[in-house]
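The structure appears below as C-alpha cells.
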Amino acid sequence: MLQRDYTTSQLDVLEAEAMHIMREVAAEFERPCLLFSGGKDSIVMLRIAEKAFWPAPIPFPLMHVDTGHNFEEVIEFRDRRAAELGARLVVASVQDAIDSGRVTEDTGRRASRNRIQTVPLLDAIEEHEFDAVFGGARRDEEKARAKERVFSFRDDFGQWDPKSQRPELWNLYNARIRRGEHIRVFPLSNWTELDVWDYIRREGIEIPSIYFAHTRKVFERDGMLLPDSDVVQRGDDEPLFEAVVRYRTVGDMTCTGAVQSKAATVEEIIEEIAVTRITERGATRADDRASEAAMEDRKREGYF
C-alpha cells in the first residue's frame with residue numbers, strides 16, 4: 001500500500017505563515033511597501049514575496065533608509081536585486097535629512113547616524129502615503145522586538161506603544177487604521193537567525209559577500225571589531241589590524257561590528273550559528289548597547 005507523508009518541515013511552516021501575512025497585507029492595504037536594505041533578513045523577505053505572488057510581479061515597491069554610511073557591498077547588492085526584479089526602489093536618505101536641517105548629526109568618536117534614520121523613514125512613509133511597511137525584524141533578535149505583534153500599529157506620528165498593540169489570535173490580524181496611521185508588518189517574527197540561514201541554504205539565495213569570511217582591516221572598540229573607514233572615527237588608542245572576519249548583521253558602518261570567523265560557506269555559517277549563545281545584534285550592534293532600553297526607545301519614536 002502506498003504510504004503518503006503529509007508532514008511539513010519547520011521551514012515550510014514558517015514560509016507558509018510569511019506568505020499568508022504578505023498576501024493578507026496585499027489584500028487589505030492600498031499602498032504597502034517592503035523595507036529592503038540588502039541584508040539577509042530583507043533578502044529572505046524579498047524571496048518570500050516573489051514566491052507569494054508568482055507569476056505576477058511583487059505588487060509593492062521596495063524602500064531603504066540609507067544612512068550614507070552603509071557597506072558598499074550591500075548597497076551594490078541592493079541596487080542590483082531591485083533592478084533584476086524590475087522593482088521600484090525608494091531611497092530615504094539620511095544625508096538629505098541632514099542637509100535640509102530635519103535632523104542633526106552627532107559628533108565625536110562614537111557618533112552614528114543610526115538613530116536619526118527615524119526621521120527620513122517617517123518622512124518617506126508620509127510622502128508616499130504608505131499604509132503598511134514590511135520589515136524583517138525577528139523576535140529572537142532583541143527583547144524590544146520580542147514584544148512586537150506581526151501587525152504592529154503605529155499612530156499618526158509614526159510612534160509605537162507596546163501597551164496599545166492589538167491581539168492576534170488564530171492568525172487573525174486587525175488591519176483597520178485611520179488616515180495618517182500605518183502598520184509595520186513583520187512576516188519573519190517567528191523565525192530565528194538559524195531559520196533564516198537554513199532558508200537561504202534551501203532556496204539557494206544569493207547574499208552579499210560581506211556575510212562570508214574575508215580579510216579586512218578592523219580595530220577593536222568595546223569588544224567589537226569595527227571597520228577601517230573614512231566615516232568611522234578611530235582614536236589613537238585604537239590600532240588597526242588585519243583579521244579574518246564576517247558580518248552577522250549589516251547596517252551603518254559606525255555601529256556594526258564584525259565577528260572573527262572562518263565560515264566561508266552557508267553550511268559553515270549554519271554550523272557556527274548553531275552553537276553560538278549570543279544574538280547577532282547583541283554581539284555586533286553598538287547602538288543597542290547605549291542603554292538597557294535603547295531599541296525600545298528608538299521604536300517608540302518610530303524606528304524599525
Side-chain angles (χ1 to χ4, degrees), residues 34-50 62-85 87 89 91 112-114 136-138 141 188 191-221 224-232 234 240-276 278-287:
L34 186 148
L35 291 174
F36 181 66
S37 64
K40 68 182 188 308
D41 299 302
S42 64
I43 291 170
V44 165
M45 199 163 53
L46 188 63
R47 169 58 62 89
I48 291 170
E50 287 184 84
L62 313 180
M63 179 167 68
H64 181 217
V65 182
D66 187 352
T67 68
H69 293 169
N70 296 99
F71 292 94
E72 291 182 3
E73 302 97 317
V74 180
I75 295 300
E76 183 277 330
F77 184 91
R78 177 202 72 183
D79 293 341
R80 178 163 55 83
R81 282 298 291 134
E84 289 170 354
L85 291 171
L89 176 63
V91 177
S112 170
R113 292 183 173 183
N114 200 57
R138 310 186 320 269
E141 289 181 277
L188 307 185
W191 296 52
T192 66
E193 183 184 10
L194 191 57
D195 291 328
V196 168
W197 282 105
D198 271 336
Y199 192 77
I200 289 170
R201 174 176 60 179
R202 190 185 81 172
E203 298 291 308
I205 301 174
E206 181 188 2
I207 57 173
S209 60
I210 197 170
Y211 282 108
F212 300 108
H214 58 284
T215 301
R216 183 182 289 261
K217 286 186 177 181
V218 295
F219 65 92
E220 185 172 352
R221 175 184 294 166
M224 294 194 309
L225 300 178
L226 295 177
D228 178 30
S229 170
D230 292 340
V231 303
V232 183
R234 180 173 59 88
L240 282 175
F241 59 93
E242 280 195 349
V244 178
V245 301
R246 72 176 193 86
Y247 285 83
R248 288 177 67 185
T249 181
V250 295
D252 190 294
M253 282 189 285
T254 60
C255 63
T256 304
V259 294
Q260 289 189 305
S261 170
K262 295 182 180 179
T265 66
V266 172
E267 288 75 16
E268 290 172 347
I269 290 173
I270 290 172
E271 291 177 7
E272 183 179 270
I273 293 171
V275 298
T276 190
I278 304 175
T279 67
E280 68 259 50
R281 292 194 71 93
T284 63
R285 294 301 289 266
D287 49 321

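Because only heavy atoms are used, hydrogens play no part in the values below, and waters and symmetry mates are left out as well, while side chains stay in. The first residue of the sequence shown is numbered 1, and numbering continues consecutively from there.
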Task: Expected output: side-chain D195 to main-chain T192 donor-acceptor under 3.5 Å - done: yes
Open item on the list: Can you tell whether the side chains of R80 and E206 come within less than 4.0 Å, N to carboxylate O?
Closed with: yes
- [ ] With rounding to the nearest 0.5 Å, note down the distance linking CG in L226 to CZ in F219.
- [x] 4.5 Å
TODO: Supply the atom-to-atom distance K262 NZ to E268 CD, rounded to the nearest 0.5 angstrom.
DONE: 11.0 Å
Open item on the list: Measuring only between side-chain heavy atoms, which start at C-beta, is R113 closer than 4.5 Å to V231?
Closed with: no
Open item on the list: Determine whether L225 and F241 satisfy the following criterion, side chain to side chain contact (heavy atoms under 4.5 Å, CB included), listing intermediate values before the conclusion.
Closed with: CA-CA 10 Å; L225 300 178; F241 59 93; 3.7 Å; yes
Open item on the list: With rounding to the nearest 0.5 angstrom, report the CD1 to OG1 distance, I210 to T249.
Closed with: 10.0 Å
Task: Enclosure of E72 CD (heavy-atom neighbours >12, cutoff 6.0 Å) - done: no
Task: H64 side-chain N/O to L35 backbone N/O, donor-acceptor pair under 3.5 Å - done: no
Open item on the list: Please give me the minimum heavy-atom distance between A243 and Q260, naming the atom from each residue.
Closed with: CB-NE2, 3.9 Å
Task: Criterion side chain to side chain contact (heavy atoms under 4.5 Å, CB included) on I200 and I269, from CA distance to verdict - done: CA-CA 11 Å; I200 289 170; I269 290 173; over 6 Å; no
Open item on the list: Quick one, E50 with R81, criterion salt bridge (Lys or Arg N to Asp or Glu O under 4.0 Å). Give me CA distance, side-chain angles, the key distance, then yes/no.
Closed with: CA-CA 12 Å; E50 287 184 84; R81 282 298 291 134; 3.2 Å; yes
Task: Distance, nearest 0.5 Å, that separates CG of D66 from CD1 of I75 - done: 4.5 Å
Open item on the list: Which heavy atom of L188 sits nearest to which heavy atom of G136, and what is that distance?
Closed with: CD1-O, 4.1 Å
Task: Shortest non-hydrogen separation from T265 to F212 and the atoms involved - done: C-CE2, 3.7 Å
Open item on the list: Within this structure, what is the OG1-CZ distance for the pair T256 and F71, rounded to the nearest 0.5 Å?
Closed with: 5.5 Å
- [ ] Quick one: closest heavy-atom pair of G39 and V74, and the distance?
- [x] N-CG1, 4.2 Å
- [ ] Please report the closest heavy-atom contact between L194 and A274, naming both atoms and the distance.
- [x] CD1-N, 4.3 Å
- [ ] Hey, could you give me the CD/OH distance between E73 and Y247, rounded to the nearest 0.5 Å?
- [x] 8.5 Å
Task: S37 backbone acceptor or donor facing R78 side chain under 3.5 Å - done: no
- [ ] For residues I43 and P208, determine if any side-chain heavy atom of one lies less than 4.5 Å from a side-chain heavy atom of the other.
- [x] yes
TODO: Measure across E272 and A263 and return the closest heavy-atom pair with its distance rounded to 0.1 Å.
DONE: OE1-CB, 3.9 Å
Task: Side-chain heavy-atom pair W197, I207 within 4.5 angstrom cut-off - done: yes
- [ ] Please lay out, stage by stage, how L85 and L46 fare under the test side chain to side chain contact (heavy atoms under 4.5 Å, CB included).
- [x] CA-CA 10 Å; L85 291 171; L46 188 63; 3.5 Å; yes
- [ ] Compare all side-chain heavy atoms of S209 with those of H214 and state whether any distance is below 4.5 angstrom.
- [x] no
TODO: Give a yes or no answer on whether the side chain of K40 reaches the backbone of V250 with a donor-acceptor pair at less than 3.5 Å.
DONE: no
